[in-house]
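Everything below concerns the one structure shown next.
Side chains included, hydrogens not; waters and symmetry mates left out as well; all remaining heavy atoms used. Both ligands and their constituent atoms are indexed starting at 1 by order of listing.
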Amino acid sequence: MDISQTAAWQKLLHHRQHLTERRITDLFREDANRFERYSVTGADLFLDYSKNLVTADSLDLLVDLAGASDLPGAIEAMFNGEKINATEDRAAMHFALRNPAKEDLQIDGHDIGAEVGDCLARMERCSSRIRAGEWRGSGGKPINTVVHIGIGGSYLGPKTVSQALKSYLSADVICYYLANVDGSHVSDLLSRLDPQETLFIVVSKSFSTLETRLNAGTARDWLLQSGIREAAISNHFLAVTANREAALQFGIEADHLFPMWDWVGGRYSLWSAVGLPLCITLGFDVFRELLAGAHAMDTHFREADLNANLPVLLALLGIWYINFFGAETHAIIPYDHQLRDLPAHLQQLEMESNGKSVTRDGAEVAVKTAPIIWGGEGTNGQHAFHQLLHQGNRFVTADFIISTQAQHKLQSHQDWLFSNCLSQSQAMMMGKGKDEIIEELTSGGMNISDAKRLAPHKVIVGNHPSNTIVMERATPRNIGALIALYEHKVFCQGIIWGINSFDQWGVELGKQLSNNIFAQVNGEENRMGFQDSSTTGLIAMYRKQSSSTKE
Ligand code: F6P
């Protein structure tokens, strides 16, 4: 179905015209209770969406759009394990990883609940052994260093949560995250570690991702070069994968393997054994709390009315600006140093899920889909990219994320952090007009002609919308709920746009081309027909210069 041809969409197009001249500040002046009316709590997260260019009619029409897409039906289909990832003939059941009840969910004859429960029990046993110093390297030393090797969804989720919950680290074991194929990452890291005390967790759903395979091989060589015998290597490796055969072939012992399932997409997998490093460094109880928070958001998502449903509201507001105001990007700005990796995780979650241009039945999408997701930790952004938010000539939108209680004791710091966060959403909305600026300048002693000359440079147009998501504290439970919130937001947008949010065919071409270029870099012929002179020329330059460095 082409959503843009629905009556609901057409009504929104018409309604949009009524808002062309409206300002968000007007909407606040007209309704003293706007804040109360346009905010909602779900799974302990508070969403203030009052600083949006929406009226009650806007929201009604947006909710109608969700209805026109049969979003409620799609939600139930996902939670019932239907194979909604049609191009890969798979279900999308990341919610099952955090469902304590382990409802009777069968997929292709597998009892999902039992398999998830078994895996969690193994994760608890394994992490407890390591935390107790009972997992020993081949030389008998307790393991005190874990290196998580993975990339994309096999890396960003656990790394983001590990950073977010830094205050909950509770083990003598330290975990490093290794992703890039750039040798400077792995060589810098290994140069600082003791092989006898290091355990590698190779995380790869396919176990064929080049970067991960190369890093794992280098880790293996590093262990061997340190004198650890081939037979004893397995003490230093665990693996998390859906490809058991490839992992066994690499040399991972069978009982050191943890499963990944086809019904969990990589970017939705931190709740699985991909999160094993979190169990090791934070403790399984903390990991269980993380799961509980995500499950609480699942429950809210399934049960709340669409107009009081946090994922649905974020999804609809995003669609409002992308499809009716031409927003090309959306910024994620956590006012929390420990959440500084969140934008990167959400970039993959949103852009790899909804960076699509064909509908679920293969037709070209008639509407814009995922925006460019970007952002960075607040307050720092104020001294970096917020200038564009305030005086650029693009329509920009943002989610601000803040806690009311800090994980530290420096209350004045938290007061300023909170004040800065609200100042930015307020400035984006209010702006500052020319007359007000001239008045300000002249009352400060500037003569009127100078003030009139300078004023245009100081105008802030404003009327840029934003959401503010408030946690009381960045606890494991609230972080779980926060990430699940965005997972479900992405799902809702995909349903309304009519696209498949759970495949990622777009990444395959790069992999093919890289293999061909790698072969030419190493002296072989181009094997893919026509090759542009840029690629050919740069390969020649690389071969010349890198060989000169080799000499
Ligand atoms: O190439 C993209 C991608 O497949 C992501 O979807 C995935 O999270 C990442 O690479 C890693 O894949 P794997 O877990 O199979 O190594």
Side-chain angles (χ1 to χ4, degrees), residues 84-94 97 119 147-162 177-182 185-186 200-220 237-250 252 257-278 341-356 369-370 373 483 486-487 490-491 494 499-518:
I84 59 174
N85 176 1
T87 63
E88 296 179 300
D89 191 31
R90 293 172 180 172
M93 294 171 44
H94 36 286
L97 298 168
C119 182
V147 176
H148 173 114
I149 302 177
I151 198 164
S154 294
Y155 159 77
L156 286 166
K159 180 171 182 288
T160 298
V161 172
S162 174
Y177 290 86
L178 176 60
N180 204 326
V181 75
D182 179 344
H185 193 174
V186 60
F200 293 97
I201 306 179
V202 184
V203 182
S204 176
K205 185 173 181 180
S206 61
F207 218 86
S208 64
T209 300
L210 165 91
E211 295 82 6
T212 302
R213 289 299 305 259
L214 195 57
N215 277 325
T218 300
R220 178 192 172 83
F237 274 104
L238 297 175
V240 182
T241 185
N243 188 344
R244 282 179 59 86
E245 286 320 305
L248 292 169
Q249 198 168 15
F250 176 82
I252 311 278
L257 284 179
F258 289 82
M260 286 175 85
W261 296 281
D262 276 350
W263 42 266
V264 179
R267 50 195 175 271
Y268 298 87
S269 65
L270 78 89
W271 323 98
S272 71
V274 170
L276 184 56
L278 302 173
D341 291 341
L342 183 65
H345 175 61
L346 297 185
Q347 264 182 341
Q348 185 195 12
L349 183 62
E350 297 220 21
M351 295 169 78
E352 193 167 81
S353 294
N354 289 345
K356 310 286 170 66
T369 53
I373 298 294
I483 293 175
Y486 280 93
E487 289 179 347
V490 164
F491 168 80
I499 59 181
N500 178 352
S501 299
F502 298 101
D503 59 12
Q504 54 286 320
W505 299 108
V507 302
E508 297 309 314
L509 175 60
K511 294 176 183 176
Q512 288 168 3
L513 297 176
S514 183
N515 286 330
N516 181 41
I517 292 167
F518 180 82

- Message: Can you tell me how the ring of Phe502 sits relative to the ring of His94, calling it parallel under 30°, perpendicular over 60° and tilted otherwise?
- Response: tilted

Under 4.0 Å to a heavy atom of [X] - the qualifying atoms of ligand 1, by number:
X: Gly152; result: 8 (O)
X: Gln504; result: 6 (O)
X: Gly153; result: 7 (C), 8 (O)

- Query: Does NZ or CZ of Arg220 fall inside the cone over Phe250's six-membered ring, less than 6.0 Å from its centre and within 45° of the axis?
  - Reply: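 So Arg220 does make the cation-pi contact.
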
Any heavy-atom pair between the side chains of [Y] and [X] that's under 4.5 Å?
X: Tyr268; Y: Glu487; value: yes
X: Val490; Y: Ser353; value: yes
X: Val147; Y: Ile201; value: no
X: Ser269; Y: Lys205; value: no

- salt_bridge(Lys356, Asp503) N-O dist < 4.0 Å: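 Yes.
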
- Between Gln348 and Gly152 the two heavy atoms that sit nearest each other are OE1-C, 3.3 Å

- For Glu508, does the CD atom sit with more than 12 other heavy atoms under 6.0 Å from it, leaving out its own atoms?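 Yes, CD of Glu508 has more than 12 neighbouring heavy atoms, counting only those of other groups under 6.0 Å.
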
- Message: Within the structure, is a non-hydrogen atom of Gln348 found at a distance of less than 4.0 Å from ligand 1?
- Response: yes

- Message: Between ligand 1 and Glu508, can you find any atom pair, the residue atom being a heavy atom, that is separated by under 4.0 Å?
- Response: no

Which heavy atom of the protein is the closest neighbour of [atom], given with residue, atom name and distance?
atom: atom 15 (O) of ligand 1; answer: Ser206 OG, 2.7 Å
atom: atom 14 (O) of ligand 1; answer: Ser154 OG, 2.6 Å
atom: atom 9 (C) of ligand 1; answer: Ile151 O, 3.7 Å
atom: atom 3 (C) of ligand 1; answer: Glu352 OE2, 4.3 Å

- Message: In the complex you have, is atom 12 (O) of ligand 1 within reach of the protein, judged by whether a heavy-atom distance drops under 4.0 Å?
- Response: yes

- Specify side chain, backbone, both or neither for Lys511, according to which of its non-hydrogen atoms lie closer than 4.0 Å to ligand 1. side chain

- Message: Please classify the Lys205 to ligand 1 contact at 4.0 Å (heavy-atom distances, strictly less than): side chain, backbone, both or neither.
- Response: both

- Query: When only distance counts, is Val203 in polar contact with ligand 1, meaning an N/O pair under 3.5 Å?
  - Reply: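 No, Val203 has no N/O under 3.5 Å of an N/O on ligand 1.
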
- Task: Answer yes or no: does an N/O atom from Thr212 fall short of 3.5 Å to an N/O atom of ligand 1?
- Result: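 So ligand 1 has no N or O lying under 3.5 Å from an N or O of Thr212.
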
